[in-house]
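The block underneath contains the structure these notes are about, expressed in structure tokens.
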Amino acid sequence: MGTASDIKLINEDGLRLDGRSADELRPMKIETDVLARADGSAYIEWGGNKILVAVYGPREAFPKHTQDIDKAVVKARYNMAAFSVDERKRPGPDRRSMEISKVISEALSSAVMVNQFPRAEIDVYIEVLQADAGTRIAGLTASSVALAAAGIPMKDMVVGCTAGKVEGQVVLDLSKEEDNFGQADLPMAVLPKSGNVVLLQMDGDLSVEEFEKASSMILEATKKIHKIQRDALAGKYKAIALERSGE
Amino acid sequence: MGTASDIKLINEDGLRLDGRSADELRPMKIETDVLARADGSAYIEWGGNKILVAVYGPREAFPKHTQDIDKAVVKARYNMAAFSVDERKRPGPDRRSMEISKVISEALSSAVMVNQFPRAEIDVYIEVLQADAGTRIAGLTASSVALAAAGIPMKDMVVGCTAGKVEGQVVLDLSKEEDNFGQADLPMAVLPKSGNVVLLQMDGDLSVEEFEKASSMILEATKKIHKIQRDALAGKYKAIALERSGE
Amino acid sequence: MGTASDIKLINEDGLRLDGRSADELRPMKIETDVLARADGSAYIEWGGNKILVAVYGPREAFPKHTQDIDKAVVKARYNMAAFSVDERKRPGPDRRSMEISKVISEALSSAVMVNQFPRAEIDVYIEVLQADAGTRIAGLTASSVALAAAGIPMKDMVVGCTAGKVEGQVVLDLSKEEDNFGQADLPMAVLPKSGNVVLLQMDGDLSVEEFEKASSMILEATKKIHKIQRDALAGKYKAIALERSGE
Amino acid sequence: MPRDEAGILSEIKRDFILRRLKEGKRGDGRKPDEYREISITPNYVPRSPGSAMVCLGKTKVVAGIKVEAGEPFPDTPNQGVLTTNVELLPMAFPTFEAGPPNDTSIEIARVVDRGIRESKMIDIESLVIEPAKKVWIVFVDIDVIDFDGNLIDACTLGVLAALKSTIVPGSKEGGKDFPLPIRNTPVAVTMVKIGDTLVADPDLEEEQLSSARITVSTTEDGHIRAMQKGDVGEFSMEEIRKAINMSSNLGKAIREKYFK
Amino acid sequence: MPRDEAGILSEIKRDFILRRLKEGKRGDGRKPDEYREISITPNYVPRSPGSAMVCLGKTKVVAGIKVEAGEPFPDTPNQGVLTTNVELLPMAFPTFEAGPPNDTSIEIARVVDRGIRESKMIDIESLVIEPAKKVWIVFVDIDVIDFDGNLIDACTLGVLAALKSTIVPGSKEGGKDFPLPIRNTPVAVTMVKIGDTLVADPDLEEEQLSSARITVSTTEDGHIRAMQKGDVGEFSMEEIRKAINMSSNLGKAIREKYFK
Amino acid sequence: MPRDEAGILSEIKRDFILRRLKEGKRGDGRKPDEYREISITPNYVPRSPGSAMVCLGKTKVVAGIKVEAGEPFPDTPNQGVLTTNVELLPMAFPTFEAGPPNDTSIEIARVVDRGIRESKMIDIESLVIEPAKKVWIVFVDIDVIDFDGNLIDACTLGVLAALKSTIVPGSKEGGKDFPLPIRNTPVAVTMVKIGDTLVADPDLEEEQLSSARITVSTTEDGHIRAMQKGDVGEFSMEEIRKAINMSSNLGKAIREKYFK
């Protein structure tokens, strides 16, 4: 957060660099069943993010000492492709991706009916092919679609969005520039039925009022995003082959 | 050992930089039961050294292939805190600390009645918070106090001290400057009942006569140190809370 | 392959830098039983290559999940000593040595009667003490001698050689300079009874005709090398102690 | 979070704690929004430019600071560098293992780091020796030596106290030594949800009973500087509001008592 | 190569495939020298200087190129640098594990790399910014995202398409952006031996039935640029000649259809 | 030290060895202070600037030296650098495993290194190319290829012979090649205690029977340059004096026979 910059992120009409208004989402599309081998899969494009998710399981947890006799363990692995960011990223987990894997695993565990599968593991592999701010939330949002596509019982989907503060204004769904030069970043994910929060991180500087505004914006946005999730699962976009999604 | 230096380590009165005579120990104090979670613990201040030791066990050795069907395995782990030395030390074991862990483990195994606990391990964790020459011996000396505090049966304590050669003179209990610019370093540890040696390392340059003198000095000093160990276990300093030991 | 160079690798008489003709092998000798501890061992000098091979097994494969219930697993480990090349090599496997270990393991598995030893492993440790072009083939050729010396049943030996292209000409058994500045490198290994190929790698630039010529040269050479293997096993050079082989 | 040695709390203990919580009382008699006793010893490792030992109940950590000259990051040529590392030493708990940081210690270190970094507690613009070439690197290392819950807060307290006592060794680079420039005091407060109750500063037993964890860092101005929800549970927005409020109040009290 | 989830193909399937092969037909109806359907999407990751997604039957890979300024190797001061890395992502197959490259992924990466490097496809002499000091480093990274056999060919196709679309960011070093200079198109064709039959572009089932594998890379001139025999089986010289011929023909067809 | 393949010596062998030792004889007929046969082949790896192969009984090691220009340590700008590494190759013993150095190989390397370093055998002050910037780095690498006990002494002998044959490639840095400047010959002698007897140069069987190990390095002047007590046993001061004396005598004999 918060390196100073000369770039003007919001213009006199209240519009952002990419022309969006404060509470406007970037374009988003979700497809399911994009991979043949996985038990379930999803592909999300959200702004410039391009993220693939594959689900394997429930299957016996390995190594054995990771088994929980009462329930399944959800193991998410968030990974950035070496070519996903401007400077080549060395392959393998770094501290940031390990933390993100942990909070995503916990958020998904809230939604999955883990008690139905003692001693099992459910693996969620998230591969960021192109990163453009908000990858953890995009990956998490696609993960719950992939879990549903794999037929894994869930009490609800997980839907997320970020908000933040840019030039003193609370705005929804930060772009890359807003993420780099903004004043606060608030990624949040909820279970849409209850509105309960299963992922929440924040860094920057928010007054309590600004937090209220930001979290309301997110809650409102998750309704739209949840609809896109449901549409994807309903097969609306199933016909669009993965290979067409580049250009 | 032995980088040349302009510093005069012993003055015309035969006194050392810190005012000690040749056979004088630096100030030392030992406290026990300084940690709540460990089965036994000790804290030693010796000169500028500040070292914590925690003991866990006997407990089942893990992984299984490390078990000895005849006796317990004593596993000491000597570790330097990142902030314990002048330049920040990268966390994790290096070659020096692996060697020290090995010789300390062996020395403690000589004293512990390992035959009473087949298939078990006894873990001795040594954390150097501030290093000031002689850390391995200080850690070992505190370790045997921590083992006793944990109620682990021992045939004897382990007591150590170093001696060395500085500007041609044999002196006891090297300080940091003497360690850096001296001509020999002799860390040694004994079982006080028998006077038998369980740890001995040396590097530098000692004639046989100088070795005799140095080892005699050490043996004499271990009597004093052993008394401090016993006093610590007798609870003399137990009341001094760990948190008071800074300043 | 193929850095340009001013060095003339073949002179007007068609001779190479070291005086060899196009289809001439470098000097070679193989000794067996050079190590006391291993179940079988061999030492090969081939040009400036000096390579030791030790064989252990068949023994129970470890860890268990590497066991094959139908047959023995041949695990070759190709390793270069830190001092084996001009610039000191960091100890431990790199990508090149991992690939070489894999293709050597596969080539040896073709020859060993692996079906006789279910759940077992046969370890082949190849240590390159001095490297001089063609180490993988030299190591593989010595490995099959060491396996035979260990009494491991084989349907045939494995014999290899390299050929390549230098200044437009196909030549046998590349030297270091030819390897560095040549245009193609073709290491190949066969089972001499059938002439079947069990190792084949190539890089550079060969027309189909050049490949034919190069592979024929290799096949011819493997007959000579196979004789050296058999002689070594017959004990011809057994008397030459390993320690005489330096200078 | 690690379980206790038996792997789980006994049923009896669990019931006892839950029953008492319904009456607003915690296992050790504290109220839901009550912190354990805090003891801070600054300069615990006097040869370091900055250090502190913190006891939070029976949890103990030692924080040490090293300040060394080095290269800035290419994208921030006019800023010093801050790095934070937490070691869950095997001496601190029976199941802690030696080895590289795992996801638990990394999460703690990153949440502690964000609290410090995002509050702009340290004036890192003033830590430049030569722009784009040489800056002061502030290494924050924390040894967890005794574990009884709530490491994020204990580590944060250790870092606050250590940083506030830190002297930058400017004389090594041709200048003068100077105290690390500090602008504010971001206090992290962690709460867990047990049944329907939010309790602050959980001890290990409470962490084992909790369904979800939330940490909120605030500064003097009452602003939120970092948040982190943890564990496999949910919070309603109402609970999050309550957590922010609790953190703000406790943060103020801690700041006044320990960091005046 | 990994086995399927059960570890081995069922006896029935195995017999079926072998019986059909004797009649010159493969499990999925292909002829022995027939490739699966290829689909190539260049610029799949548009923010990278070069990229492509390739589907080879059900095998899918994404190749991405980064071009960064850096130091040349001391022994080649007048050449750019090419490095190739293959990630067998755990998403691609049930038994692929996260972690550093293993010998399977290293072999694939090195064979792909040799095909590109030895054909001199890239004019690396033109990638020098300042001799001996600064050159362009071409990082080729390939994510395997769905695995159904023949990764060497799928990865090579991905790299070919990605490199051909790559723009070198010369403007970052005071020059102009320019397309990566490409001289030829080395196509790798992999064949496996099942029973006595050589089949091209094996799918996973066929890889599990095969005794030996051979990859041959050829360029426009019909020359061989790289070869690799793999697996625990043997080839007669006659079979190798046949493989070279098959590779040359298939390479020509692929080059014409996809890389005109 | 590793056990033999069965994990322990058979009772019968053990009794036999112990009984004979009481009569002053060792399993292989040696006297307690008798070394096994030593065979040294200098320049075993002729392309290295220095090397040697050493057989000590059936224990065999190959030492190789590389001398490369590099940076000095900041605190010793006027000295070359010496580093010592020992590889316990899996070829040398059934239970040796490939992988990074473990505590056994690290202890051996460090004891060997201290013997060389502390005796000031190498005149490292003469290995400076440009003070504080460029010095000669002497890499000592030792491959253990056959293991039958007493690696510290075997490795030390290998290093002594290799260093004494080493030519520093001064011509690479604009000077002349010159022999590595050697000032003395520190010989390490290792002894173990079996029952009450101290025996020198233990073979593997003896190492398995021993309770404690001691290594003493001495130079021509009879001074002690390094010592290391190893294993889980005790030595009386009297035994240590005896060990020093035995090392001094054996060191003298070895020096005269092999390093004149």
Side-chain angles (χ1 to χ4, degrees), chain C residues 33-43 45 47-57 59-60 62-63 75-93 97-98 101 121 123-132 143 146 176 241-247, chain F residues 2 4-5 37-55 57-60 62-68 70 83 85-87 89-101 105 137-148 161-162 165 169 172 204:
Chain C
D33 299 330
V34 291
L35 299 175
R37 192 63 66 181
D39 296 323
S41 61
Y43 173 73
E45 288 189 12
N49 290 311
K50 289 179 162 230
I51 300 172
L52 263 173
V53 182
V55 169
Y56 284 89
R59 54 186 180 182
E60 196 191 358
F62 183 83
K75 296 181 185 169
R77 181 180 181 264
Y78 167 98
N79 188 56
M80 302 191 85
F83 45 78
S84 64
V85 279
D86 283 346
E87 291 228 339
R88 191 220 181 210
K89 201 202 149 290
R90 269 175 74 111
S97 65
M98 284 175 76
S101 295
E121 74 180 41
D123 291 292
V124 181
Y125 299 114
I126 302 166
E127 183 75 4
V128 179
L129 297 172
Q130 186 167 283
D132 185 40
S143 293
K176 199 151 186 276
L242 181 59
E243 51 268 39
R244 307 260 175 75
S245 60
E247 86 264 57
Chain F
D4 65 4
E5 282 192 80
E37 204 190 310
I38 297 171
S39 141
I40 299 177
T41 311
N43 275 321
Y44 188 75
V45 183
R47 297 204 178 175
S48 273
S51 66
M53 192 214 205
V54 165
C55 304
K58 286 193 277 190
T59 289
K60 290 190 196 70
V62 180
I65 313 289
K66 293 286 166 190
V67 187
E68 299 179 3
T83 84
N85 184 53
V86 169
E87 295 283 313
L89 295 178
M91 71 167 36
F93 200 69
T95 59
F96 286 179
E97 282 173 37
S105 67
I137 301 175
V138 180
F139 291 98
V140 176
D141 284 282
I142 307 157
D143 267 13
V144 174
I145 60 174
D146 215 351
F147 173 52
D148 191 32
S165 73
K172 281 191 189 164
L204 177 60

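We name chains A, B, ... by the order of the sequence lines, and we start the count at 1 in each one. As the structure is a computational prediction, the values presented were derived from the model and not from experiment.
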| task | Using a cut-off of under 4.5 Å on heavy-atom pairs, state which of F:Pro49, F:Ala63, F:Gly99, F:Ala98 scores highest against chain C. | result | F:Ala98
| Under a 4.5 Å heavy-atom cutoff, which of C:Gly92, C:Ala38, C:Pro91, C:Ala81 has the most pairs with chain F? | C:Pro91
| task | Heavy atoms only: give me the nearest C:Glu127-F:Leu89 pair and the separation to one decimal. | result | CD-CD1, 3.4 Å
| message | Quick one: does any side-chain atom of C:Lys50 pair with a main-chain N or O of F:Tyr44 as donor and acceptor, under 3.5 Å? | response | yes
| note | Nearest heavy-atom contact between F:Pro90 and C:Tyr56 is O-CE1, 3.6 Å
| query | Are C:Asp86 and F:Arg47 close enough for a salt bridge, meaning some N to O gap below 4.0 Å? | reply | no
| message | In the structure I gave you, are the side-chain heavy atoms of F:Pro46 and C:Gln130 within less than 4.5 Å of one another anywhere? | response | yes
| So, for F:Asp141 and C:Phe83, which heavy atoms are closest and what is the spacing to 0.1 Å? | O-CE2, 3.5 Å
| said: How close do F:Met91 and C:Leu52 get, counting heavy atoms only, and between which atoms? | reply: CE-O, 3.6 Å
| query | Which atom names give the shortest non-hydrogen contact between F:Asp143 and C:Leu129, and what distance separates them? | reply | OD2-CD2, 3.8 Å
| task | Could you look at F:Ala52 and say if it's the side chain, the backbone, both or neither that has a heavy atom under 4.5 Å from chain C? | result | neither
| F:Asn85 versus chain C, heavy atoms under 4.5 Å apart: side chain, backbone, both or neither? | side chain
| task | Write down the atom of C:Arg37, the atom of F:Leu204, and the distance for their closest heavy-atom approach. | result | NH2-CD2, 3.5 Å
| Has the side chain of F:Lys66 got a donor or acceptor atom that lies under 3.5 Å from a matching backbone atom of C:Val85? | yes
| Do F:Glu68 side-chain atoms and C:Arg88 backbone N/O form a donor-acceptor pair below 3.5 Å? | yes
| query | Rounded to the nearest 0.5 Å, how far does CZ of F:Phe139 lie from CD of C:Glu87? | reply | 9.0 Å
| What part of C:Asn79 lies closer than 4.5 angstrom to a heavy atom of chain F: side chain, backbone, both or neither? | side chain
| message | Closer than 3.5 angstrom, by distance alone: can the side chain of F:Asp146 be matched with the main-chain N or O of C:Ala36 as a donor-acceptor pair? | response | yes
